[in-house]
2 protein chains.
Amino acid sequence: MKTGFTAITLADQVEEKIINFIKENNLVPGDSLPNEMEFVEMMGISRNVVREAMSRLRMLGLIQTRPKRGIVVTEPPLLNGLKKVLDPNLLSIGTIKDMMGMRIALETGITDFVFNNVTGADIMELEQIVSRQEAIGINNLSVEDEMLFHTKIYKIAGNSFILQFNEIMHPIFVFAKQNYESHFQPINIKLKEQDRIVEHADLLQLIKIGKKDEYRNAIKAHLQPYWEFLYNYNK
Amino acid sequence: MKTGFTAITLADQVEEKIINFIKENNLVPGDSLPNEMEFVEMMGISRNVVREAMSRLRMLGLIQTRPKRGIVVTEPPLLNGLKKVLDPNLLSIGTIKDMMGMRIALETGITDFVFNNVTGADIMELEQIVSRQEAIGINNLSVEDEMLFHTKIYKIAGNSFILQFNEIMHPIFVFAKQNYESHFQPINIKLKEQDRIVEHADLLQLIKIGKKDEYRNAIKAHLQPYWEFLYNYNK
DNA sequence: CATATACTATTTGTAGGACAATTATAACAA
DNA sequence: TTGTTATAATTGTCCTACAAATAGTATATG
């Protein structure tokens with residue numbers, strides 16, 4: 001049985017042609033595109049097909065369309081597509097594991113940026129986050145609590161693309177954490193057996209005393225259990 | 001003048017509803033969706049609108065559609081959308097700079113993975129790449145030549161998502177490199193004034209002798225000029 | 001009985017026409 | 001000059017029709 005094959009539709013081709021049209025004519029955000037009927041005539045196809053293609057580009061944020069005004073090129077938000085597609089239910093464990101790996105690489109990789117940019121005010125904010133989390137108790141931390149600390153770290157790094165990427169990865173982290181904890185419940189039992197777990201307080205301390213290399217190792221140790229766990233996990 | 005506002009169309013809403021339908025019913029790759037006409041009746045809209053929404057999901061790789069068979073959920077390739085949208089002409093310098101920053105963070109961040117996974121065969125392959133590049137001469141390296149070395153590093157890291165991401169970022173790297181070199185031509189003049197440039201041969205040497213921390217600093221030094229350059233660059 | 005072939009019905013793919021909704025532009029009025 | 005109104009152009013939505021592909025069934029064939 002033939003499987004997986006999907007025909008290339010006219011909409012697919014027209015979508016590509018329109019993207020090429022933008023590139024070949026060096027259009028930049030703010031420039032106008034020909035209107036729907038002009039594309040219809042240019043390509044000898046029906047308006048429906050043009051509209052399907054435009055609808056795609058519109059969703060990606062590559063164009064904006066308004067009655068009478070026509071079609072205008074816009075600066076696309078880069079991660080629109082990824083956001084819509086990133087549902088752990090639809091992804092293989094291998095993919096989820098790779099994404100957690102990417103997250104680890106990213107968060108260790110921004111260490112230099114973090115240490116370059118961090119201010120006294122940042123540290124104060126981190127201290128507040130940590131003390132609030134200690135009040136809650138490490139065993140009761142929700143994923144959102146957990147996220148607060150990391151998001152602040154990303155903000156200090158000062159790269160809005162990375163920040164955005166991290167936000168979008170959130171469902172993956174939720175998935176990894178929930179499944180991890182449902183296996184090693186309660187999580188702290190498992191962790192007490194090992195060397196003491198790396199907590200946010202430890203990470204903050206390393207930032208405060210400027211131990212960059214130790215921080216890099218610590219943040220990795222903080223995240224890696226979830227990644228390693230995914231090796232043995234079956235959905 | 002009102003600007004930037006784009007109406008929320010029916011297609012936008014239907015797209016969202018279909019995605020929610022998949023999530024709420026816990027559909028996984030291989031499961032079937034209701035066909036077009038069923039959605040038409042469910043939502044009281046025209047078939048055109050449903051088709052626009054489906055066309056979007058199809059583009060993202062979230063579904064496959066075939067006559068008679070209907071609509072089937074598929075595991076989405078995560079970066080379909082990003083790939084279509086990533087054209088340096090359409091992006092602000094700030095965004096491009098952030099993406100280069102992400103690349104630097106990623107490539108430094110995978111250092112641990114690289115050193116954990118690297119084999120003798122990998123090193124031999126890297127040696128071949130480096131010696132070929134030295135034959136060409138560092139000043140004559142095309143972006144594609146340059147890329148060969150880095151792509152191999154990413155492969156060693158063994159994370160296909162990161163590898164894919166790097167491939168998609170290629171246009172950004174081309175843009176950064178070309179503009180950098182058109183400012184400091186020839187690039188080597190500029191670099192000779194500084195401490196000796198970090199070349200692929202140096203990176204390879206550090207891998208061979210297992211100097212992980214030095215490698216991490218070196219790979220950063222190797223890439224950072226492009227990133228810093230973007231600060232002062234105006235399109 | 002097994003296997004290949006042809007048929008049928010269903011569903012997506014494409015086309016074209018009609019009208020509604022929106023709004024940039026022009027024309028006009030104050 | 002400024003504000004209002006009319007207009008015309010363009011996208012947004014709906015509808016109908018048919019083409020193309022194909023899963024499933026029926027039929028023919030060895």
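Chain letters run A, B, ... following the sequence lines, proteins first, then strands; residues in each count from 1.
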**Q** Would you say B:Arg66 reaches D:dA23's phosphate, i.e. side-chain N/O to OP1/OP2 under 4.0 Å?
**A**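 Looking at the OP1 and OP2 atoms of D:dA23, one of them is under 4.0 Å from a side-chain N or O of B:Arg66.
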**Q** Sequence neighbours excluded, which residues qualify as salt bridge (Lys or Arg N to Asp or Glu O under 4.0 Å) partners of B:Asp87?
**A**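 For B:Asp87, no residue satisfies salt bridge (Lys or Arg N to Asp or Glu O under 4.0 Å) once neighbours in sequence are set aside.
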**Q** Identify all pairs in which a protein N or O lies below 3.5 Å from an N or O of nucleotides 13-18 of chain D, and state each distance.
**A**
{"residue": "D:dT13", "atom": "OP1", "partner": "B:Leu10", "partner atom": "N", "Å": "2.7"}
{"residue": "D:dT13", "atom": "O4", "partner": "A:Arg47", "partner atom": "NH1", "Å": "3.4"}
{"residue": "D:dC14", "atom": "OP2", "partner": "B:Ser46", "partner atom": "N", "Å": "3.0"}
{"residue": "D:dC14", "atom": "OP2", "partner": "B:Ser46", "partner atom": "OG", "Å": "3.2"}
{"residue": "D:dC14", "atom": "N4", "partner": "B:Asn48", "partner atom": "ND2", "Å": "2.7"}
{"residue": "D:dC15", "atom": "N4", "partner": "B:Asn48", "partner atom": "ND2", "Å": "3.0"}

**Q** To the nearest Å, how far apart are A:Gln64 CD and D:dG12 P?
**A**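 The distance from CD of A:Gln64 to P of D:dG12 comes to 11 Å, rounded to the nearest Å.
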**Q** Counting side-chain heavy atoms from CB outward, which of D:dG12, C:dT12, D:dA23 is closest to B:Glu36?
**A**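 It is C:dT12.
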**Q** Using the ring pair (Phe, Tyr, Trp, His ring centres under 6.0 Å) rule, collect all pairs that involve residues 81-103 of chain A, keeping only residues at least two apart or in two chains.
**A**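 Output for this query is empty, none listed.
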**Q** Strictly by salt bridge (Lys or Arg N to Asp or Glu O under 4.0 Å), give each pair with a member in residues 159-175 of chain B just once, sequence neighbours left out.
**A**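 Matches after skipping sequence neighbours: none remain.
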**Q** State which residues pass side-chain contact (heavy atoms from CB on, under 4.5 Å) with A:Val28; sequence neighbours excluded, sorted by chain then number.
**A**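 Listed in chain order: A:Asp31.
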**Q** Would you mind reading off the distance between B:Phe39 atom CZ and C:dT12 atom P, rounded to a whole angstrom?
**A**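 These atoms are roughly 10 Å apart.
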**Q** Per the ring pair (Phe, Tyr, Trp, His ring centres under 6.0 Å) rule, what does the pair list look like for residues 13-55 of chain A, sequence neighbours excluded?
**A**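 Only A:Phe21-A:Phe39 qualify under ring pair (Phe, Tyr, Trp, His ring centres under 6.0 Å).
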**Q** Write down the protein N/O and nucleotide N/O pairs, taken from nucleotides 7-10 of chain C, whose separation is under 3.5 Å; answer none if there are no such pairs.
**A**
{"residue": "C:dT10", "atom": "O4'", "partner": "B:Lys68", "partner atom": "NZ", "Å": "3.1"}

**Q** Tell me whether A:Asp122 is salt-bridged to A:Lys155, with the criterion being a basic N under 4.0 Å from an acidic carboxylate O.
**A**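 No, A:Asp122 and A:Lys155 are not salt-bridged.
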**Q** Would you list the pairs meeting ring pair (Phe, Tyr, Trp, His ring centres under 6.0 Å) in which at least one residue belongs to residues 40-73 of chain B, sequence neighbours left out?
**A**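 For residues 40-73 of chain B, and leaving out neighbouring residues, there are no ring pair (Phe, Tyr, Trp, His ring centres under 6.0 Å) pairs at all.
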**Q** Tell me: CD1 of A:Ile71 to C1' of C:dT22, nearest whole Å?
**A**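 From A:Ile71 CD1 to C:dT22 C1': 15 Å.
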**Q** Go through the structure and list residues passing ring-ring contact (aromatic ring centres under 6.0 Å, His included) with B:Phe173, not counting sequence neighbours.
**A**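 By the ring-ring contact (aromatic ring centres under 6.0 Å, His included) rule, B:Phe173 matches B:Tyr226.
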